[in-house]
Amino acid sequence: MAVKPTKAEKKVAYDAKLCQLLDEYTQILIAAADNVGSNQLQNIRKGLRGDSIVLMGKNTMMKRSIRMHAEKTGNQAFLNLIPLLQGNVGLIFTKGDLKEVSEEVAKYKVGAPARVGLVAPIDVVVPPGNTGLDPSQTSFFQVLNIPTKINKGTVEIITPVELIRKGDKVGSSEAALLAKLGIRPFSYGLIVLSVYDNGSVFSPEVLDLTEEDLIEKFATGVSMVTALSLAISYPTLAAAPHMFINAYKNVLSVAVATEYSFPQADKVKEYLADPSKFAVAAAPVAAAAAGSTTAVAAAVEEKKPEPEEESDDDMGFSLFD
């Protein structure tokens, strides 16, 4: 008969396993495990088997092991995990793609009934329609102020009713009614709260960012740096082109207003002295635009069907009559 390990031996084994995982994995997902059953957790472990390991445990034990391991190895980045261990959470150690692992975890959600005293994670709306309940069950609907009518010997809900709001506790009447209607409004599973990647901690929403989102955010940042640099006259790589253009405009303005000139300003002065040259310069552009319009009109004209010629018969007489 195998001898069961003592609590002290279990703690030592757990500490050794957690420290080994910390050394082996640099990516960790911190996930909430509220209302997650043992069978559901086992299915999640099977689904992640290969490149990910799910580790559950008491927060105090995990914090102690992480703190001692950080002191032993000198890697203070592990300490960033300690503030994240709040509530009923578990650690998912992975070597795979963080987004794919997070999506895989989200697949394992199980429907659950509304239990009395449970805080509703979402709004619960009872849809209209026939409930299949006999008229003796109308008391449940009356207590909850749900409009009903009797149709063919069964209770029918007339309009959709918001039975429970998100964040409210489920009452006994609401739980009994949902049970009778066979509605399991809630679903539970591991919910990723934070992501730890080689010492950095960030929100799981970051995993949903695409390359287009990153380019857009980078462009926004560059524009902000440019605007700030121009406002305080501080040269940066982003603001340098604008500064050169602005400097050229200032020098050009001085050259136009004074007798001083330089090759680039001579042409501007020439145009200002003879405004008709603006029309000459704009003529090729106007001609190109007109040519494109003519080409489009010709193409449309070609597609028009040719009118049919009228025959003598259509005119009502013959030339040889």
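Side chains included, hydrogens not; waters and symmetry mates left out as well; all remaining heavy atoms used.
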Requested in this report: Could you tell me whether E24 atom CD has more than 12 heavy atoms of other residues or ligands within 6.0 Å of it?
Outcome: yes
**Report entry** Closest heavy-atom pair and its distance - G57, M62
**Finding:** O-CE, 3.5 Å
Report task. Over all heavy atoms of both residues, which pair between G87 and N59 is shortest? Give the atoms and the distance, please. Result -> O-ND2, 2.7 Å
Report task. State which residue, out of L177, L181, I146, fulfils the side chain to side chain contact (heavy atoms under 4.5 Å, CB included) condition with T131. Result -> L181
**Report entry** M224 side, atom CE; L228 side, atom CG - distance, nearest 0.5 Å
**Finding:** 8.5 Å
Report task. Look only at the side chain of Q40 and the backbone of Y188, and say whether a donor-acceptor pair between them is shorter than 3.5 Å. Result -> yes
Query raised in the report: Take atom CZ in R64; do more than 12 heavy atoms of anything else shown fall under 6.0 Å from it?
Result: no
Report task. Find out whether L190 and Y108 are in side-chain contact, i.e. whether some heavy atom of one side chain is under 4.5 Å from a heavy atom of the other. Result -> no
Report summary line: Rounded to the nearest 0.5 angstrom, the CG-CG distance for L55 and L91 is 6.0 Å
Report task. Taking all non-hydrogen atoms of both residues into account, name the closest pair between N151 and N130 and its distance. Result -> O-ND2, 4.2 Å
Report task. Indicate yes or no: at least one non-hydrogen side-chain atom of F93 is less than 4.5 angstrom from one of L22. Result -> yes
Query - Same cluster (ILVMFWY, side-chain, under 4.5 Å), I122 and V161 - result: yes
**Report entry** Backbone of K95 reached by a side-chain donor or acceptor of D51 within 3.5 Å
**Finding:** no
Report summary line: Separation between CG (N80) and OG (S200), nearest 0.5 Å, reads 8.0 Å
Query raised in the report: Same cluster for L81 and V192 if Ile/Leu/Val/Met/Phe/Trp/Tyr side chains link at under 4.5 Å?
Result: no
Report task. Decide whether I92 and V195 are clustered together by the hydrophobic rule: side chain heavy atoms of Ile, Leu, Val, Met, Phe, Trp, Tyr closer than 4.5 Å, transitively. Result -> yes
Query - Atom CG of N250: over 12 foreign heavy atoms under 6.0 Å - result: yes
Report summary line: In terms of heavy-atom contacts, T258 and V254 come closest through OG1-O, 2.6 Å
Query raised in the report: Is there a donor-acceptor pair under 3.5 Å between the side chain of S65 and the backbone N or O of M61?
Result: yes
Requested in this report: State plainly whether one hydrophobic cluster holds both L84 and L29, where clusters connect Ile, Leu, Val, Met, Phe, Trp and Tyr through side-chain heavy atoms under 4.5 angstrom apart.
Outcome: no
Query - Validation row: D168, V119 side chains within 4.5 angstrom (heavy atoms) - result: no
Query raised in the report: Minimum heavy-atom separation for M56 to V89, with atom names?
Result: CE-O, 3.9 Å
Query raised in the report: Does N88 reach the main-chain N or O of A33 with its side chain, forming a donor-acceptor pair under 3.5 Å?
Result: yes
Query raised in the report: Would you find more than 12 non-hydrogen atoms of other residues, nucleotides or ligands less than 6.0 Å from Y234 atom OH?
Result: no
Query raised in the report: Which value, rounded to the nearest 0.5 Å, describes the distance between L214 atom CG and E216 atom CD?
Result: 10.0 Å
Report summary line: Taken to the nearest 0.5 Å, the spacing of N75 CG from I66 CD1 works out to 11.5 Å
**Report entry** Closest heavy-atom pair and its distance - A239, S229
**Finding:** CB-CB, 3.5 Å
Query raised in the report: Distance-only, no hydrogens or angles: does the N246 side chain make a donor-acceptor pair with backbone N or O of H242 under 3.5 Å?
Result: yes
Query raised in the report: Going through the distances and angles, do I30 and V201 end up as a side-chain contact (heavy atoms from CB on, under 4.5 Å)?
Result: CA-CA 10 Å; I30 296 85; V201 178; over 6 Å; no
Query raised in the report: Would E103 and L207 satisfy side-chain contact (heavy atoms from CB on, under 4.5 Å), going step by step from the backbone distance to the final call?
Result: CA-CA 10 Å; E103 292 175 349; L207 302 178; over 6 Å; no
Query raised in the report: With a 4.5 Å limit on heavy-atom distance, are the side chains of V116 and V170 in contact?
Result: no
Query raised in the report: If Ile, Leu, Val, Met, Phe, Trp and Tyr residues are connected whenever their side-chain heavy atoms lie under 4.5 Å apart, and connections chain through other members, are L21 and Y14 in the same group?
Result: yes
Report summary line: d(I191 CD1, D34 CG) to nearest 0.5 Å is 7.5 Å
Query raised in the report: For atom NZ of K63, is the number of surrounding heavy atoms from other residues, nucleotides or ligands below 6.0 Å larger than 12?
Result: yes
